[in-house]
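I have placed the structure first, in the form of structure tokens, so that the comments after it can refer back to it.
Quick note: residue numbers are just sequence positions, from 1.
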Amino acid sequence: MSGAAGAHPFTVADPTDPSDAARAGVGTPTPAQVAFRGLCPRCGAPTLFDGWARFAPACSKCGLDFASFNVGDGPAAFLTLGIGTIITVLAIWLELAVGPPWWVHVLLWLPLTAIGVLLSLRAAKGALLALEWRNEAREHRSDGQ
């Protein structure tokens with residue numbers, strides 16, 4: 001290999017370039033840190049959320065526009081399916097093991113499902129936004145961009 005700049009078919013992030021360093025993960029929080037601590041995926045400031053599960057419009061430290069990301073209903077749907085599967089398995093197990101009246105199932109599983117989804121929603125939304133930012137995911141535009 002000649003060692004000439006640009007000879008390698010893959011691009012390598014330049015840690016001195018702020019945009020390249022951020023995309024390469026140099027000095028940026030991991031998606032888990034973003035999710036559980038509410039950090040900005042670019043600068044690491046705790047500015048991601050403006051409410052329990054509502055994103056702030058933008059990072060007050062680095063100006064990253066959180067409104068430009070579209071996490072949509074993906075986290076809620078994913079959590080409902082995942083937690084719903086766990087709850088369903090537990091409900092079937094309880095029914096086969098003990099056979100409680102129907103109202104016991106209602107009192108147990110409905111609140112547990114709702115609480116599980118609501119408590120996990122903030123972290124799931126934060127993780128999805130962090131992954132969208134890190135992977136430069138954008139919505140498709142019909143004008144070719």
Do [X] and [Y] have side chains that get closer than 4.5 Å, going by heavy atoms?
X	Y	value
Arg134	Pro41	no
Glu132	Val71	yes
Phe49	Arg54	no
Leu94	Leu108	yes
Leu48	Leu39	no
Leu64	Cys43	no
Pro46	Arg37	no
Arg42	Cys59	no

Find out if a path of hydrophobic residues (ILVMFWY) with successive side-chain heavy-atom gaps under 4.5 Å connects [X] to [Y].
X	Y	answer
Leu110	Val89	no
Phe78	Val34	no
Trp93	Val106	yes
Leu90	Val117	yes
Trp103	Trp109	yes

Legend entry - Partners passing side chain to side chain contact (heavy atoms under 4.5 Å, CB included) against Leu119 (at least two apart in sequence or in another chain): Trp52, Ile115

Quick one: pull up [atom1] in [X] and [atom2] in [Y] and give me the separation to the nearest 0.5 Å.
X	Y	atom1	atom2	result
Trp133	Leu128	CH2	CG	15.0 Å
Ile92	Ile87	CD1	CD1	12.0 Å
Ile86	Leu81	CD1	CG	11.5 Å
Asp73	Leu79	CG	CG	11.5 Å

Over all heavy atoms of both residues, which pair between [X] and [Y] is shortest? Give the atoms and the distance, please.
X	Y	answer
Pro29	Cys40	CG-O, 3.4 Å
Gly51	Arg122	O-NH1, 3.1 Å
Pro31	Ala130	CA-CB, 3.9 Å
His105	Ala91	CE1-O, 3.5 Å

Inset, instruction - Report, as yes or no, whether the 6.0 Å neighbourhood of atom CG on Asp65 holds more than 12 heavy atoms from other residues, nucleotides or ligands. - result: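 It does: Asp65 CG has more than 12 such atoms within range.
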
Inset, instruction - Report the residues that fulfil ring-ring contact (aromatic ring centres under 6.0 Å, His included) with Phe66, sequence neighbours left out, ordered by chain and then residue number. - result: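 For Phe66, no residue satisfies ring-ring contact (aromatic ring centres under 6.0 Å, His included) once neighbours in sequence are set aside.
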
Legend entry - Polar side-chain atom of Lys61 near backbone of Thr47 as donor-acceptor pair, under 3.5 Å: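 Such a contact is absent between Lys61 side chain and Thr47 backbone.
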
